[in-house]
Every structure is written in structure tokens, then in C-alpha cells.
Protein chains: 2
Amino acid sequence: MYLKNVKTFAIIIEKENWGMIMVTIKDIAKKLGISYTTVSRALNGKPGVSQETVEKVLKEARKMGYQPNAIARGLVKKYTNTIGLVIADITNPYYPSIARGVEDAARKIGYNVFLCNTNYNKENEQSYLKTLQEQRVDGIIINPAKDDSPNVYDLQTPMVLINSPSYGGNNSTIEVDNKRGGFLATEHLIKSGYKRIAFIGGDIASYSNGRRFEGYKEALKEYNYPVDESIIAYGSFKTKSGYAIIERLLKLENPPDAVFAGNDVIALGILHYAQDKGIKVPEDFGVVGFDNVGFSELPQIQLTTIDQPKYYIGKLAFEILMEEIRNKEERFVKKIVLEPELVIRKTTRGK
Amino acid sequence: MYLKNVKTFAIIIEKENWGMIMVTIKDIAKKLGISYTTVSRALNGKPGVSQETVEKVLKEARKMGYQPNAIARGLVKKYTNTIGLVIADITNPYYPSIARGVEDAARKIGYNVFLCNTNYNKENEQSYLKTLQEQRVDGIIINPAKDDSPNVYDLQTPMVLINSPSYGGNNSTIEVDNKRGGFLATEHLIKSGYKRIAFIGGDIASYSNGRRFEGYKEALKEYNYPVDESIIAYGSFKTKSGYAIIERLLKLENPPDAVFAGNDVIALGILHYAQDKGIKVPEDFGVVGFDNVGFSELPQIQLTTIDQPKYYIGKLAFEILMEEIRNKEERFVKKIVLEPELVIRKTTRGK
DNA sequence: ATGAAAGCGCTAACAT
DNA sequence: ATGTTAGCGCTTTCAT
């Protein structure tokens with residue numbers, strides 16, 4: 001089963017073993033003829049050990065290749081210096097940026113992060129949450145898979161939610177102002193002279209998508225455009241979905257001449273269809289996405305979109321989480337909303 | 001400092017606390033008036049407990065909201081059900097695919113994965129390796145940051161290397177046949193009728209890049225093309241680097257009419273430059289990349305490239321790692337080489 | 001300045 | 001079938 005596509009499966013060396021002879025503080029205490037309490041103190045720079053002893057211990061520790069056991073420490077100290085990051089799919093370019101933000105911030109203070117991909121699946125999410133708690137992570141950052149059933153996250157563990165309202169659990173949240181973003185996107189389309197603007201969303205159960213849709217409707221109203229159900233559609237957050245839906249909408253007797261897509265990935269599918277059919281973008285057809293994901297700025301794509309500070313969101317989420325971890329009793333629940341920004345590129349006429 | 005771009009920073013609820021009253025097997029034993037060993041046995045489905053007791057325990061555990069403590073278990077059982085995944089940058093689309101492969105495979109057997117981004121930095125890598133060992137991960141999968149100084153990874157921990165030879169440490173490795181890939185790419189360019197084929201690599205210290213270059217040279221020789229140093233260049237694995245280098249090469253008095261790029265990200269920069277300058281691809285200029293990253297197949301890009309089974313590599317790396325973890329004494333070091341595949345798209349004339 | 005002892009939550013002998 | 005004990009590697013009182 002391995003062997004599919006395997007060219008070489010060779011060079012087998014026998015009996016190479018891993019040496020699992022981990023040295024402990026007891027070992028180095030014995031070697032030095034002192035108590036292991038002293039070793040512990042020396043290793044941790046605690047007061048009450050003579051300079052001389054400290055040096056002896058440090059030297060011996062290095063010599064013996066001592067590696068502190070974070071597991072044992074965690075057992076007594078009640079924290080693990082680890083957090084969990086639960087996202088839908090690291091393969092969607094939106095998430096890696098957030099993940100980097102979280103991880104860079106974490107690393108700076110010696111924290112580790114467990115990466116968990118739910119693959120947009122609620123059961124996977126629950127399962128991961130359970131595991132993370134068993135691993136006694138100090139906190140969790142989560143971008144919920146869906147928001148159809150209320151996300152009641154009242155775990156024993158500090159938690160901050162990204163792009164999701166907090167139901168019941170009183171968790172801190174951080175999100176971009178999705179409604180405002182939706183408004184900006186739609187308004188831009190209107191001001192660019194497009195007349196029939198469709199909305200093509202992803203999962204209808206997505207909170208952020210819903211907010212973007214509200215912004216869309218608000219803009220239409222403000223500019224006296226009708227809200228036409230026939231050119232409003234939901235699918236999934238996939239390129240294929242965008243492609244399939246725009247194909248359908250464009251066959252309507254009264255087709256749209258522009259679309260605000262639920263995110264960049266969907267917008268990409270729309271662009272793909274336009275290209276396949278030789279539809280001129282932005283002259284005859286306008287599209288704006290959401291997220292300002294990496295590929296959106298490619299010269300070949302140049303997608304007009306709504307930017308959100310992804311890396312910063314990850315960083316901020318971690319910082320807030322740390323605050324909550326540090327002040328477990330007497331914490332302050334925060335609801336943070338960041339400003340989105342319209343990025344005009346080549347898939348709309350501009351003004 | 002938080003406040004940049006922050007719209008709302010509000011809704012503050014005071015004194016919401018995390019209830020850190022974790023229930024242990026002792027608690028449920030006390031409640032039930034039995035020994036905690038019995039509880040442990042019941043919870044783990046071990047023999048020697050009456051059906052009746054098992055049910056009582058399970059019920060009470062659920063009722064009290066018991067969460068097993070994986071830390072404590074790890075301390076006695078000597079394994080943590082956790083591995084580390086060390087890569088350069090999750091933001092480079094090549095890695096998420098691998099990460100998914102690893103994580104999906106891990107999840108299937110209840111393993112967690114620590115994600116570590118070295119950001120192409122050797123010091124970060126060392127630091128992460130240290131931390132991972134302290135956390136007593138059961139194993140490590142690593143795609144080394146660089147290969148200039150030999151990667152001597154003889155840790156106490158089982159380890160498999162991706163895209164890197166193993167120096168000294170006798171670790172199993174898994175890689176695509178980079179040389180063959182380089183050959184295929186270059187040969188394709190030759191057969192497509194391009195006459196002066198440049199090579200634009202990433203980090204000169206990269207092992208995989210070096211192999212690709214060897215394949216490039218081999219193909220040139222086989223078809224009696226000269227190997228011309230003036231159109232061979234290295235930079236970094238970034239789009240910008242590709243852009244800058246091709247700009248320079250194209251100003252040569254004898255410029256190339258095609259290029260084999262060290263990876264797709266670099267190729268993208270080259271394409272970018274061609275577009276900026278109105279150079280016709282593939283008619284007047286051919287480019288092939290390496291990796292077949294997600295964006296390469298976008299209709300707007302359609303990059304000819306060398307595919308490698310990224311997800312599968314991740315999956316395989318995990319499976320091999322698990323084998324090594326399970327057979328620590330008497331392990332078999334494996335060197336696996338996978339077959340790359342030429343994917344012809346629109347940035348070369350084809351045959 | 002150093003050591004002895006207890007204990008974190010659990011599993012695994014070793015009884016009974 | 002159940003309980004007792006020891007111990008994983010460490011930190012933290014409490015002595016000395």
C-alpha cells in the first residue's frame with residue numbers, strides 16, 4: 001500500500017535503535033552526590049543554591065545531555081505551555097496567515113501550538129476539543145467550523161473565538177467587521193456602475209458570511225437597489241462552488257453583471273467561469289471577494305477584495321488568550337471587532 | 001498597542017472565571033466508595049472489573065464531567081501520543097498540503113501534532129527541536145530549513161526527514177526524486193523547442209534544489225545543450241526573488257528563452273515579470289516550476305510544473321514515523337524516493 | 001545552602 | 001473482582 005509511486009524502498013539498516021535513556025535530575029544528583037532538590041533549584045535558577053553548586057550542576061547537566069521533562073513539570077505546575085489552534089483547513093490560504101500569527105506570538109514566549117484541522121466538520125471539532133482538554137492545553141483559539149447550532153463552548157479551558165459570536169460560554173471573540181466589509185464591497189460595485197449585483201456565499205451556516213450578506217443588503221438599500229432573491233445564493237467555501245453557482249446565475253433571463261463573493265476562494269471560481277466563457281472582467285462583469293488571501297494579489301488575478309488583517313488577528317487572538325490564561329479568576333471578556341479595508345484591483349472597473 | 005485598527009474594544013464582563021476544578025479518578029472513586037485503581041481499570045476497559053462496577057463508574061464519570069489527564073498518563077506510560085511537525089513556513093502553499101497529510105493520518109490513530117514554523121531559520125529549528133524533546137513528543141517529522149551544514153539529527157526521538165538526506169543520524173527519509181524531476185522539466189523545455197534554458201533556484205543550500213539542478217544539467221548534456229553559468233542563478237524561495245533574477249537574466253546580451261524554476265513560487269515571480277513586460281508566454285518564453293502547488297493549476301496561471309504527491313508524502317512520513325516509534329529497538333532505516341510527474345500546462349509550448 | 005518528604009494524576013505490579 | 005503500593009520526573013513546602 002505504501003508502494004504506489006514508490007521508486008526506492010531500500011537501504012535498510014538493521015538494529016539501529018533509539019536510545020531512550022533519558023537522564024533525569026535524580027541521575028545528575030546521584031552523580032554529584034547531592035539531593036535532587038538542589039539540582040532542581042540550580043537548573044531553574046531558584047535562590048538558595050551556592051554559585052559553586054549551580055555551576056557544577058549546569059555543567060554536569062550539559063555533559064549528561066539532560067533534557068527537562070515538560071510532562072512531569074506540567075503535572076505539578078498545572079500548566080503545559082501549550083495551546084490548541086482549531087481551524088477548518090490549513091489548505092485554505094486564509095488560515096495559514098492566522099496560524100502564523102498565532103504561532104509566532106506563541107513562540108516568542110515559549111508556547112507550543114497544537115494544530116487542528118476540523119475540515120469544516122463539527123464532529124471533528126468536538127473530538128479535537130476533547131483531546132485538547134485531555135492534553136491539558138492552557139488555552140484554545142478556535143475558528144468554529146459552523147455556526148448553525150449555537151457554539152456553546154463552556155470548557156474548563158480559556159478560549160478565544162475567531163470569526164464567530166460567542167454563545168453562552170462568555171468567551172472573548174475577535175473578528176473583522178464583516179457587515180461593514182460587505183457594505184464596502186457592495187458599495188464599490190455600485191459606484192463602479194454595475195447594475196445587478198449578485199451575492200454568492202459559502203456555507204449558509206457561517207456567521208461571518210451572514211454578516212457580510214447583511215452588509216450587502218444594507219448597501220443595496222442605501223443606494224436604492226432592489227434586493228433580488230434570484231441572484232442571492234449559497235454553496236460552500238470552495239472554488240468549485242463559486243464556479244457552479246455563477247454558471248447558474250448567468251443563465252437567468254435577467255442575469256447579474258457583478259457579484260460580491262463570500263470569500264476570495266469563491267471569487268476565484270467565479271473568475272474561472274468568466275474566463276472560460278470569455279466574459280470580460282471588469283468591463284462587462286465585476287467581482288469582489290473577501291479576505292484578501294495571498295493569491296488575490298497575483299498579477300494574473302488582481303482580485304478586488306476586502307482585506308482583513310489575518311496575521312494580526314492570529315497574533316491578537318493569542319495575546320488575548322494569554323491574558324485570560326494569566327488572569328483566570330477575574331477575567332474580562334472582550335469582544336473585538338477589527339476594521340476591514342477595501343482593496344481595489346482589476347476585477348472591478350474602479351471609479 | 002492592541003488598539004491599531006481596533007474598532008470596538010468593549011463589552012467587558014467582570015469576574016467571569018474559568019472553573020479549574022478538574023475532577024480526577026480519585027474524586028470519582030471517593031464518590032463511589034471504591035478504590036481509584038478500580039476506577040482506572042473501568043475507565044480503560046481493562047479486565048478484572050465487574051460489569052456492574054464498570055457501568056457505575058462510567059456513569060459517574062460522565063456525570064462529574066471527568067476528563068482524563070493525558071499529562072499524568074504520559075508521565076507513567078512514557079509516550080504522549082504527540083508528534084512534532086517542523087516545516088519552514090505554513091504560508092508557503094507547499095507545506096499545508098504536507099501538513100494535512102500528516103495531521104489527517106495522525107488524527108486517525110489519536111495522535112496530536114505540534115506545528116512548528118522555522119521560517120527557514122536554522123536557529124529556530126534547533127530551538128523547536130529542543131522544545132519538542134522537552135515535551136517528550138513520540139516522534140518528529142521535519143523538513144529541514146537548510147542543508148548547508150550537515151543536519152545531524154541524532155536526537156533521542158524517532159525522526160523522519162522530508163526532502164533532505166540524512167547525515168549521521170541514520171534517520172529514515174522520504175523525498176521525491178528531485179533529480180529526475182529536474183531532468184523531466186528541462187527535457188520538456190528542450191523538446192518544446194526552447195533554445196536557451198536558464199535555471200533559477202531558491203536557496204543554494206537547499207538539498208532538493210541542488211538535486212533539481214543536477215537533473216537540469218543532465219538533461220542539457222543528454223541533448224547536447226551547453227551548460228551556461230551565466231544563466232544559472234540562485235536566490236531564495238520567494239516570488240520576489242524569481243522576479244528579480246529573471247529581470248537580470250533577460251537583460252543579458254544573450255538572454256534565455258526559457259527557465260526551469262526551483263519551485264512554483266519562484267516560477268510565479270518569473271511569470272509576473274513576463275506579464276509586466278508583455279513577454280509572450282509560452283510563445284516566446286517558456287517556464288516550468290516544481291511542486292505543483294495549488295495556485296499552479298489556476299486557470300489564470302496554468303503553470304507547467306513537476307508534481308509531487310505532497311499530501312501523500314505527509315501521510316507516508318507519519319506512517320513511517322509510527323513504525324519507528326513502535327519498533328524502537330530493532331528499527332529499519334528507510335530511504336524512500338517517490339516518482340515526480342511532469343504536468344504540462346500553458347506556460348510551455350507543449351510538444 | 002541543602003535535604004527530606006509529599007504530592008501532581010495516573011498506571012502497573014503485587015497482593016488479597 | 002477489588003484494593004494497596006510504588007513510582008513516573010518534577011516542584012514545593014517544611015525542616016535543618
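Reminder, nothing fancy here: chain letters follow the sequence lines and each chain counts from 1.
Regarding contacts with the backbone of dT12(D), a side-chain N or O of K77(A) is found under 4.0 angstrom from either OP1 or OP2. The phosphate of dC8(D) (OP1 or OP2) has no side-chain N or O of N69(A) nearer than 4.0 angstrom. A close approach under 4.0 Å does not occur between any side-chain nitrogen or oxygen of K26(B) and OP1 or OP2 of dG7(C). For dT12(D), one of the phosphate oxygens OP1 or OP2 lies less than 4.0 angstrom from a side-chain nitrogen or oxygen of K46(A). Phosphate proximity of dT11(D) to K78(A): absent, as no side-chain N or O sits under 4.0 Å from OP1 or OP2.
Rounded to 10 degrees, the angle separating the terminal helix axes of the helix from dA1(C)-dT16(D) to dT16(C)-dA1(D), each built from five base pairs, is 40°.
Listed by residue number, the members of residues 32-39 of chain A with any heavy atom below 4.0 angstrom from DNA chain D are Y36(A), T37(A). Non-hydrogen atoms lying under 4.0 Å from DNA chain C are contributed by Y66(B), all within residues 49-66 of chain B.
Salt-bridge formation is not detected for the pair R326(A)/E323(A): no Lys NZ or Arg NE/NH1/NH2 atom is positioned less than 4.0 Å from an Asp or Glu carboxylate oxygen. A salt bridge is defined here as a Lys NZ or Arg NE, NH1 or NH2 lying under 4.0 Å from an Asp or Glu carboxylate O, and E60(B) with K56(B) fails to meet this definition. Taking the charged nitrogens against the carboxylate oxygens, E175(B) and K335(B) have no contact shorter than 4.0 Å, which rules out a salt bridge. Using a 4.0 Å cut-off between charged side-chain N and carboxylate O, K59(B) and E55(B) make no salt bridge.
Residues L75(B) and G48(B) each lie close to DNA chain D; by heavy-atom proximity, the contact nearer the 5' end of the strand is made by G48(B).
Of all heavy-atom pairs spanning A42(B) and V54(B), the tightest one is CB-CA, 4.1 Å.
The structure places CD of E103(B) at 14.0 Å from CD1 of I98(B), a figure rounded to the nearest 0.5 Å.
Ring geometry, F318(A) versus Y111(A): the interplanar angle exceeds 60°, so the pair is classed perpendicular (tilted spans 30 to 60°).
Nucleic acid contact for T24(B): sugar-phosphate only, since backbone atoms but no base atoms lie under 4.0 Å from a heavy atom of the residue.
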